[in-house]
Novice: 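Could you have a look at this structure, given as structure tokens, before my questions?
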Amino acid sequence: MDFGRLSDLRYVDFRLPPDHPGTAAVLARTAPSAAPPQVFVGCPIWTNKAWLGSYFPAGAKEADFLSHYARQFNSIELNTTHYRIPDAPTVRKWRAAVPEGFRFCPKMPQSISHERELYNADDLTTTFCRAILELGPALGMAFLQLPPHFGPERLPRLERYLLDFPAEVPLAVELRHPAWFADNALRESVFEMLEALGKTLVITDVAGRRDVLPQRLTTPVAFVRFNGHGLVSTDYQRADAWAERLAAWLAAGLQTVYFFIHQKDIMHAPIWTQYFLERLHTLTGLEVAPPRIIPQPVQGSLF
């Protein structure tokens, strides 16, 4: 994720903002559940060849990468759907490759969000939703990433699109244009619209755009996209801060967390995740298996 990425971090205030008052209100209205909350953590892709011999078995075939990935993470930010709508056999193959409890979070196709900009997109939206519903219980939440040039002047179009969006597909929305966050009244009206429509606001933690980090839940689901910087000290400080914030939300009634890690070097993602999940476990007691290096078979010596 290059959006908001900076090379010079010296002047970035990485502290999380305080909770928006609406967050406590959303959680207070959430009906208690007998089931424990669920935390899903993942990366944007599974074709990580750099993991061969560490997090993937040495010599693993690319066709098996998803199944190996799903043994390390319990979710994925499915970016491949941003570039094309998968056919039914492909989706069923994905579903068969992962264990029970794994969740896919497919990104809405760019043909809908960036090319048509939500206009005349009903046919494509229907096709996309039918495709990802083939994931069955492995479908977590789709997310709509609006392009940086999609601003508040298109709010009526966004509202109409969300009103018409198939109710059976959970949806999160990522806003990027700075104007969405510049005006307090507008920002609040958008948050309230998402809450009224049952759509989740994506919280994006990137160095260069701290405005897209409002601590506002619009549903009892947190959908966080985190941009790291190569395991520098602030990466770990931010892991601590997020573990503490999520622990507080979970204690207040948050039901589901989707947390996706973007690191420029994919080898850094599992290491950061291990630290983050250990901190979250310490604070909450929730058991989410962290990624671990796979012991590789030792070839015997010939004498």
Novice: Within the structure provided, determine whether Leu213 and Thr204 are in side-chain contact (heavy-atom separation under 4.5 Å).
Specialist: no
Novice: Tell me whether Met1 shares a hydrophobic cluster with Val12, the cluster being built from Ile, Leu, Val, Met, Phe, Trp, Tyr side chains joined at under 4.5 Å.
Specialist: no
Novice: Between Asn120 and Asp123, which heavy-atom pair has the shortest distance, and what is it?
Specialist: O-OD1, 3.7 Å
Novice: For the pair Trp94 and Trp46, name the ring-plane relationship: parallel under 30°, tilted 30 to 60°, perpendicular over 60°.
Specialist: perpendicular
Novice: Please determine if Arg238 and Asp235 form a salt bridge, counting it only when a charged side-chain N lies under 4.0 Å from a carboxylate O.
Specialist: yes
Novice: Look up atom CZ in Arg279 and atom OG1 in Thr284, then write down how far apart they are to the nearest 0.5 Å.
Specialist: 10.5 Å
Novice: Less than 3.5 Å apart, any donor N or O on the side chain of Tyr161 or Thr125 sitting next to an acceptor on the other?
Specialist: yes
Novice: Is there a donor-acceptor pair under 3.5 Å between the side chain of Arg187 and the backbone N or O of Phe181?
Specialist: yes
Novice: Taking the six-membered ring for Trp, are His229 and His268 closer than 6.0 Å centroid to centroid?
Specialist: no
Novice: Donor-acceptor pair, distance only, cut-off 3.5 Å: does the side chain of Gln72 make one with the backbone of Arg292?
Specialist: yes
Novice: Test salt bridge (charged side-chain N to carboxylate O under 4.0 Å, His left out) on Arg210 and Asp205 and set out the steps.
Specialist: CA-CA 7 Å; Arg210 305 309 286 169; Asp205 190 347; 2.7 Å; yes
Novice: Counting the benzene-type ring for Trp, do Phe73 and Phe40 have ring centres under 6.0 Å apart?
Specialist: no
Novice: At their closest point, which heavy atom of Ala239 faces which heavy atom of Phe276, and how far apart are they?
Specialist: O-CD1, 3.8 Å
Novice: In terms of side-chain geometry, is the basic nitrogen of Arg157 or Glu117 positioned less than 4.0 Å from the acidic oxygen of its partner?
Specialist: no
Novice: When you measure from the side chain of Asn74 to the backbone N and O of Val288, does any donor-acceptor pair fall under 3.5 Å?
Specialist: no
Novice: Please round to the nearest 0.5 Å and tell me the distance separating atom CZ of Phe102 and atom CD1 of Ile76.
Specialist: 5.5 Å
Novice: Within the distance-only criterion (no hydrogens, no angle test), does the side chain of Asn48 pair as donor or acceptor with the backbone N or O of Ile45 below 3.5 angstrom?
Specialist: yes
Novice: How far apart are the C-alpha atoms of Met193 and Leu162, what are their side-chain angles, what is the distance that settles it, and do they pass the side-chain contact (heavy atoms from CB on, under 4.5 Å) test?
Specialist: CA-CA 10 Å; Met193 177 194 72; Leu162 296 179; 4.0 Å; yes
Novice: For Tyr275 and Asp240, what are the C-alpha separation, side-chain angles and deciding distance, and is it a side-chain hydrogen bond (donor to acceptor under 3.5 Å, both in side chains)?
Specialist: CA-CA 9 Å; Tyr275 179 87; Asp240 291 340; 2.7 Å; yes
Novice: I'd like to check Thr273 versus Pro290 (side-chain heavy atoms, cut-off strictly below 4.5 Å). Are they in contact?
Specialist: no
Novice: Do Cys105 and Phe223 come within less than 4.5 Å of each other through their side chains, counting heavy atoms only?
Specialist: yes
Novice: Out of curiosity, Lys199 NZ to Leu171 CG, how far, rounded to the nearest 0.5 Å?
Specialist: 5.5 Å
Novice: Looking only at atom types and distance, does a side-chain atom of Tyr119 sit under 3.5 Å from a main-chain N or O of Ile112, one as donor and one as acceptor?
Specialist: no
Novice: Has His82 got a side-chain atom pairing as donor or acceptor with Pro109's backbone, closer than 3.5 angstrom?
Specialist: no
Novice: Taking atom types as modelled, find out whether Asp19 and Trp249 have a side-chain donor-acceptor pair closer than 3.5 angstrom.
Specialist: yes
Novice: Taking all heavy atoms of Ala222 and all of Leu254, pick out the closest pair and write down the distance.
Specialist: N-CD1, 3.7 Å
Novice: Is the closest side-chain donor-acceptor distance between Thr218 and Thr200 under 3.5 Å?
Specialist: no
Novice: Is Gln263 close to Ile261 at the side-chain level, that is, under 4.5 Å between some pair of heavy atoms?
Specialist: yes
Novice: Determine whether a donor-acceptor pair (N or O, by modelled atom type, separation under 3.5 Å) exists between the side chain of Arg245 and the backbone of Pro17.
Specialist: yes
Novice: To the nearest 0.5 Å, what is the distance between CG on Leu124 and CD on Glu115?
Specialist: 9.0 Å
Novice: Please name the pair of heavy atoms, one in Val26 and one in Pro220, separated by the smallest distance, quoted to 0.1 Å.
Specialist: CG1-N, 4.0 Å
Novice: Please tell me if the side chains of Pro270 and Trp51 come closer than 4.5 Å, counting only heavy atoms from C-beta onward.
Specialist: yes
Novice: Phe65, Leu135: one ILVMFWY side-chain cluster at the under-4.5 Å cut-off?
Specialist: yes
Novice: Looking only at side-chain N and O atoms, does Thr90 offer a donor or acceptor that is under 3.5 Å from a partner on Asp87?
Specialist: yes
Novice: What's the separation between atom CZ in Arg5 and atom CZ in Arg209, rounded to the nearest 0.5 Å?
Specialist: 15.5 Å
Novice: May I ask you to establish whether Arg103 and Tyr258 are in a cation-pi arrangement, using a distance under 6.0 Å from NZ or CZ to the six-membered ring centre and at most 45° from the ring axis?
Specialist: no
Novice: Hey, is the main chain of Val98 close enough, under 3.5 Å, to the side chain of Ser67 for a donor-acceptor pair?
Specialist: no
Novice: Taking the side chain as every heavy atom from C-beta outward, state whether Thr81 and Phe104 have any atom pair closer than 4.5 Å.
Specialist: no
Novice: Do the charged groups of Arg160 and Asp164 touch, with an N to O distance under 4.0 Å?
Specialist: yes
Novice: Does the side chain of Thr30 come within less than 4.5 Å of Gln255's, by heavy atoms?
Specialist: yes
Novice: Can you establish whether the number of heavy atoms outside Arg116 located under 6.0 Å from its atom CZ is more than 12?
Specialist: yes
Novice: Examine Phe259 together with Trp242 and report whether their ring centres are nearer than 6.0 Å.
Specialist: yes
Novice: Any idea which heavy atoms bring Thr23 and Leu217 closest together, and the distance?
Specialist: OG1-N, 2.9 Å
Novice: Under a 4.0 Å threshold between the charged nitrogen and the carboxylate oxygen, would Arg225 count as salt-bridged to Glu174?
Specialist: yes
Novice: Check whether His20 reaches the backbone of Gln215 with its side chain - one donor and one acceptor, N or O, closer than 3.5 Å.
Specialist: no
Novice: Verify side-chain contact (heavy atoms from CB on, under 4.5 Å) between Gln145 and Met108, making sure each step is shown before the conclusion.
Specialist: CA-CA 7 Å; Gln145 181 186 89; Met108 294 287 296; over 6 Å; no
Novice: In Å and rounded to the nearest 0.5 Å, what is the OG to CZ distance from Ser233 to Phe14?
Specialist: 9.5 Å
Novice: Spell out, yes or no, whether Val39 and Leu246 are grouped together once hydrophobic residues are joined by side-chain heavy atoms under 4.5 Å, including indirect joins.
Specialist: yes
Novice: So which heavy atom on Tyr236 is nearest to which on Trp272, and how close?
Specialist: N-NE1, 4.4 Å
Novice: Measuring only between side-chain heavy atoms, which start at C-beta, is Tyr55 closer than 4.5 Å to Met267?
Specialist: yes
Novice: Are the ring centres of His262 and Phe226 closer than 6.0 Å?
Specialist: no
Novice: Taking 4.0 angstrom as the limit, do Asp2 and Lys264 come out as a salt bridge?
Specialist: no
Novice: Treating Ile, Leu, Val, Met, Phe, Trp and Tyr as nodes and any side-chain heavy-atom pair under 4.5 angstrom as an edge, say whether Val206 and Leu201 lie in one connected cluster.
Specialist: yes
Novice: Taking the side chain from Glu77 and the backbone from Phe260, do they hold a donor-acceptor pair closer than 3.5 Å?
Specialist: no
